[in-house]
> 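The structure's right below; bear with me while I get my questions together.
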Amino acid sequence: ASKRLEVTIPESAAGDLGTVEVDGASGMYWLTGFSCDKLDIALASGMLDTAGITARNLVADIASGQVSFEGAFPQAIDITAASGSIAVTDTGSTFPQHIDADVMSGEVVLVLAKEGGFTADVDRLSGNFTCGYETSQRDGRYVHGDGASSVNINLTSGNVELKPQA
């Protein structure tokens, strides 16, 4: 028999939570409508979707599965993926200050603000890095705009894509 747990937070508290943590073995998870300092997700397998989240820091360690984050992540996005599919749609108006993606296999797609700039350092053994931003290359790094935000991508295999919001 399947099990279901629903946790609701009073609206008065949902606007400024500290750390929201989900540590799941498998299953389906939905997170919506809150703001926090840190959203920390560890998932062995399964599915996770978020909508309407504001988290200054997004940390996701995904062994396998399908994960979709939608919200504003202004300070940092830190993704570790063994396999599976991870999509991050940052609805914020500015580029996050720091992005770190460590991908063994699978696919990570990051849809980010058009405004701002970044310097991306991409270290890959195999796999593909695709960037939808106009960049120049300096010292083996991809630079967009003022280059202020830091992007570090480590690819063993798989694909990482950075693309601007539509």
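Heavy-atom basis, side chains included; hydrogens, waters and symmetry copies ignored. Computed from a prediction, not measured in an experiment: that's the story for all the values here.
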> Report yes if the side chains of Thr130 and Asn159 come closer than 4.5 Å at any heavy-atom pair, otherwise no.
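Contact flag for Thr130/Asn159 side chains = no.
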
> Only one of Asn57, Thr19, Leu17 passes side-chain contact (heavy atoms from CB on, under 4.5 Å) with Cys36; say which it is.
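That would be Leu17.
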
> So, do Val67 and Ile41 sit near enough that their side-chain heavy atoms are less than 4.5 Å apart?
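No. Closest side-chain heavy atoms not under 4.5 Å.
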
> Clusters formed by hydrophobic residues whose side-chain heavy atoms approach within less than 4.5 Å: which one holds Met47, and what are its other members?
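For the cluster that includes Met47, the remaining residues are Met28, Trp30.
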
> Using a 4.5 Å cut-off on heavy atoms from C-beta on, say whether the side chain of Ile53 contacts that of Phe34.
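Contact flag for Phe34/Ile53 side chains = yes.
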
> Given Phe118, which of His144, Gln97, Arg141 fulfils the side-chain contact (heavy atoms from CB on, under 4.5 Å) condition?
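Answer to the side-chain contact (heavy atoms from CB on, under 4.5 Å) test with Phe118 among His144, Gln97, Arg141: His144.
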
> If I take atom NZ from residue Lys163 and atom CG from residue Leu110, how far apart are they, to the nearest 0.5 angstrom?
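Here the interatomic distance stands at 10.5 Å.
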
> Checking Gln75 side chain against Lys38 main chain: does a donor-acceptor pair fall under 3.5 Å?
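No, the answer is negative, given that no donor and acceptor are paired below the 3.5 Å cut-off.
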
> Indicate yes or no: at least one non-hydrogen side-chain atom of Val22 is less than 4.5 angstrom from one of Leu31.
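Yes, side chains in contact.
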
> Check the hydrophobic clustering (I, L, V, M, F, W, Y; side-chain heavy atoms under 4.5 Å; chains of links allowed) and say if Phe129 and Val103 are grouped together.
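In one cluster with Phe129: Val103, yes.
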
> On a heavy-atom basis, which atom in Gly15 and which in Ser35 lie closest, and how many Å separate them?
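Answer, listing the atom of Gly15 first, then Ser35: O-CB, 3.2 Å.
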
> What's the shortest heavy-atom distance between Ala55 and Pro74, and which atoms?
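Nearest heavy atoms, Ala55 then Pro74: O-CD, 3.5 Å.
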
> What's in the same ILVMFWY side-chain cluster as Val59, cut-off under 4.5 Å, chained through other members?
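Grouped by the 4.5 Å side-chain rule, Val59 forms a cluster of one, so the answer is none.
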
> Please determine whether side-chain contact (heavy atoms from CB on, under 4.5 Å) holds for the pair Leu48 and Phe69, giving the CA-CA distance in whole Å, both sets of side-chain angles, and the decisive distance to 0.1 Å.
CA-CA 8 Å; Leu48 182 135; Phe69 296 102; 3.7 Å; yes

> Among all residues two or more places apart in sequence or in another chain, which pass the salt bridge (Lys or Arg N to Asp or Glu O under 4.0 Å) test with Asp49?
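Per chain and number, Asp49 pairs via salt bridge (Lys or Arg N to Asp or Glu O under 4.0 Å) with no residue.
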
> Evaluate the criterion side-chain contact (heavy atoms from CB on, under 4.5 Å) for residue pair Asp90 and Ile77; output intermediate values, then yes/no.
CA-CA 10 Å; Asp90 187 341; Ile77 297 172; 4.2 Å; yes

> Side-chain contact, heavy-atom cut-off 4.5 Å: Glu70 with Thr91?
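Yes. Closest side-chain heavy atoms under 4.5 Å.
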
> Applying side chain to side chain donor-acceptor pair (under 3.5 Å), can you list everything that pairs with Arg138, at least two apart in sequence or on another chain?
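Here no residue qualifies.
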
> Is any side-chain heavy atom of Val160 less than 4.5 Å from a side-chain heavy atom of Val108?
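Yes - at least one pair of side-chain heavy atoms lies under 4.5 Å apart.
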
> Would you please classify the geometry between the Tyr133 ring and the Phe95 ring as parallel, tilted or perpendicular, with 30° and 60° separating the classes?
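Rings of Phe95 and Tyr133: perpendicular, over 60°.
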
> For Ala63 versus Ala44, what's the shortest heavy-atom pair and its separation?
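Scanning both residues completely, I find the closest heavy atoms to be CB-O, 3.3 Å.
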
> Does Ile86 belong to the same Ile/Leu/Val/Met/Phe/Trp/Tyr cluster as Val122, with side-chain heavy atoms less than 4.5 Å apart forming each link?
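Yes; Val122 is reachable from Ile86 via cluster members.
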
> Would you be so kind as to tabulate the donor-acceptor pairs closer than 3.5 Å made by side chains of residues 146-156, with sequence neighbours excluded?
residue, atom, partner, partner atom, Å
Asp146, OD1, Gly117, N, 3.3
Asp146, OD1, Ala148, N, 3.0
Ser149, OG, Pro96, O, 2.7
Ser149, OG, Gly117, O, 3.4
Ser150, OG, His98, ND1, 3.2

> How about Leu58 and Asp78: do any of their side-chain heavy atoms sit closer than 4.5 Å?
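They are not in contact (no side-chain heavy atoms under 4.5 Å apart), so the answer is no.
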
> With a 4.5 Å heavy-atom cut-off, do Val88 and Ile79 have their side chains touching?
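Of all side-chain heavy-atom pairs linking Ile79 with Val88, at least one is under 4.5 Å.
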
> Mark yes when over 12 heavy atoms from residues, nucleotides or ligands other than Gln137 sit less than 6.0 Å from its CD; otherwise mark no.
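Enclosed: over 12 neighbouring heavy atoms sit under 6.0 Å from CD of Gln137.
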
> Checking Arg56 now: which residues fulfil salt bridge (Lys or Arg N to Asp or Glu O under 4.0 Å) with it, not counting sequence neighbours?
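Residues passing salt bridge (Lys or Arg N to Asp or Glu O under 4.0 Å) with Arg56: Asp16, Asp37.
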
> Do you reckon Val20 sits in the same ILVMFWY cluster as Ile62, going by side-chain contacts under 4.5 Å, direct or chained?
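Val20 and Ile62: one cluster.
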
